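The analysis underlying the following values was restricted to heavy atoms, covering all of them including side chains, and did not include hydrogens, waters or symmetry mates. It should be emphasised that the depicted structure is a prediction, and the values quoted were computed from it without experimental measurement. The sequence lines fix the lettering, A, B, ..., with proteins before strands; numbering per chain opens at 1.
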Amino acid sequence: MNRLEALLADLDEDQKLAVMHGEGPLLVVAGAGSGKTRVLTYRIAALMELGLAQPHEILAVTFTNKAAREMAERVESLVRGSLRGGFVGTFHRFALQLLRNHAREARLPERFVIADEDEQRQILDRVFKKLEIPSTRLTPRAARSRISAAKNALLGPKELESRARGDSERLIAQLYAAYQDELRSAGAVDFDDMLLGAVSLLERHDVLRKSLISRFRWLLVDEYQDTNLAQARLVWLLGGKTPNLTAVGDEDQSIYRWRGAEVENILNFEAAYPTACIVTLGRNYRSAEPILRAAAAVIERNSRRRPKKLSSEVGSGAPVVVYLAADEADEARFVADEIGRLRGSVSAGEIAVLFRVNAQSRPFEAEMVRRAMPYVVVGGTRFWERKEVRDALAYLRLLVAPDDVLAFRRAIHVPARGIGQVAMDHLESAAGAWGVPLPEAARRLPEELTPRARLAVGEFNTLLVELRTLAAGAPAAEVVRQLLDRSGLAAQYGSEDEEDRARRANLDQLVAAAAEATERGLDLRGFLDEVALLTDADMRREGDAVQLSTLHAAKGLEFAAVFLVGMEDGLLPLRREGNGEADEEEERRLAYVGMTRAQRRLFLTFARVRRVNGQLLSGRPSPFLLDVPREVVEDRTAAAGRDPFRARAPQPTRRVAKPSDGFHEERFGPRTPDPGPRSSPRHPDGWRPGLKVRHATFGSGVILQVQGTDAQTRLVVFFDRTGRKTLIPSLAKLERC
DNA sequence: GCTTGCGGTATTTTT
DNA sequence: TACCGCAAGC
């Protein structure tokens, strides 16, 4: 059996079709657990075995560094060779590489820097001040995401402006333009600029584009359902006239719409690539039958998808367990009990607790601490975003790019060295007057500085010069170590309390990361570029501990047992102001992604009462939960006398006073705040949560909350059409209905 | 320029 | 409820 035959022996019929597809565009619609990664890696291996592709002709893009690394490793072990010369990495890394190699053509400074989210926000803060925009109108945070959305949709400030309808959109366009100016004058690009820049570079430089097309003959894109317009366009540009493009994805697992992902990219693949061949992988090798049936029942209600069926190759298994908890503590207790039971046969690392929002992790953590169960919270505060790490990185950036304004502004204040607002103002205005970057102005020590500030700035300059000299010769890790030492960054965290220890440990990790980068032949600048594109997922430790994770962070992973918790209407699907139908579909996909992470056991839980942001809310079961066919369910709640699936049955005519039982309440509004079992004072005017009302302009809605009495009365009402509003009933004409 | 306290706010976060 | 960011005081 030759190597190719050996490869094919591992595949089912559909997978073989995809792997052995020749030239031309190919879309692999890969349902959950259907061997998507296998197809991608085997395809690359097969193309090489067949002699169709040379390593340097391969361009494979993924969304995470981790996925890229795994892919490269798997291919290399399959072909027992190296992929050197080819590109296996993230979209952003590819774009960055392109821009670095062609900075001038891309109209970027030779040593442009990468602005992270923190710096984007700082820039926007400055822009807000400059344009005198009160942050009541729009938060810098919101502006950031609107600008990001525009960039992801390939719109420049001018295009956005010309499309703007209404003042607020024009304001965004104006902010965008000012933001972009500020960013450019700092010699920086943000994450979105990388993609945008790469696209416009290729659009403007045909020669470059053609050379890339002929070099990278084979394009492979993973998770195509989560590409945004810029990414799809980039792929399209790299494809040329006869693209040998393999796109792999599953529209049912598209969960990054809020970051610009366009499900349409995969749904309309044939429109972009009319000659495309489509292979659907329909066999699921991950989940037991009941799990798959439950998940299918949830996702089938979505309209924007290709209808498809997944058959379980795993076979039958335990039913899906549903549990209705009294509150979040009870939910955590139940989950911990079950985990305790499972751990007889499953290791902790094979178990995941998945939730919609990070804030939900608390009770589970508390419970697991109490029981001394090993657990890790995935995500949370991310390593590269920690203050101490960012501070050190700012220094490093200043070593590589002496005029990096963003890094300068950060580094000069940490540790505090007596340079305050006044001194900074002097430096800024001197920079303006001389027409030089801020760091350069600092080097020239403007006269306006007070003697004290002058001394401080001078010392800072000297420090940088010394470190820069060191950086010219020493390996990155040594530079980092010296820098931490001599800047006083490390000394800030000298105490023995937990926080300082953690910070020191993080700084040690940074040194280790630098050392490791040096081993891989990266210089300081390469290390910084890498770090800018790295995320926490890349640092994830594989330990034998229960994983507490958001649904988003669980994408692509699988576990023997999964607890999908907080399945309440309003939480999953998460509902907040102003999100509509499309988001509901995405929430459904999110639930689907969560459920299909499970191999053997799936538990769905929710709480009747949950404390959210300090408020007590009583929930009704998630509609997704009600979609699960009861014949695959084992309801553990029944023992406690509650039956979630009764909610589907007609409401009983006579209702016993069971005030907070979400199941048996009327089906109104998204979530009903619970006045609490003991304290439910009747409002004198008769307003109460749950009451349906009608407003002249907002239409019909339901009261979520009643605050205060008399003239102070405020009603929080959730309107069907416009979402949540707070009203003063004496002013707003509200009708009870 | 650093600390303390108040008020406003509150998703998801592949790069 | 809990955190973060900003504003006023030392």
Sequence-distant partners of A:D226, salt bridge (Lys or Arg N to Asp or Glu O under 4.0 Å), two or more places apart: A:K555

Set of salt bridge (Lys or Arg N to Asp or Glu O under 4.0 Å) partners for A:E516, sequence neighbours left out: A:R520

Shorter than 3.5 Å, N or O on both sides, protein versus nucleotides 1-6 of chain C: list them out with atom names.
{"residue": "C:dT1", "atom": "N3", "partner": "A:N613", "partner atom": "O", "Å": "3.4"}

Close side-chain approach of A:L489 to A:P415, heavy-atom, < 4.5 Å: yes

Test side chain to side chain donor-acceptor pair (under 3.5 Å) applied to A:Y179 and A:Q120, step by step: CA-CA 8 Å; A:Y179 166 80; A:Q120 289 181 271; 3.0 Å; yes

side-chain N/O A:T550 vs B:dT11 OP1/OP2, d < 4.0 Å: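 It does not, given that no N or O in the side chain of A:T550 lies less than 4.0 Å from OP1 or OP2 of B:dT11.
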
Strand contacts (DNA chain B) in residues 87-95 of chain A, 4.0 angstrom heavy-atom criterion: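 Per residue number, the list reads A:T90, A:H92.
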
Consecutive Watson-Crick or G-U pairs in runs of at least 3, all under 3.5 Å, in which DNA chain B is involved: B:1-10 with C:1-10

Residue pairs, two or more places apart or on separate chains, that pass salt bridge (charged side-chain N to carboxylate O under 4.0 Å, His left out) and touch residues 449-460 of chain A: none

A:R589 vs A:D250, salt bridge (charged side-chain N to carboxylate O under 4.0 Å, His left out): CA-CA, chis, key distance, verdict: CA-CA 10 Å; A:R589 292 194 289 265; A:D250 177 10; over 6 Å; no

Sidechain N-carboxylate O distance under 4.0 Å for A:D391, A:K387: yes

Under-4.0 Å salt bridge between A:R409 and A:E119: no

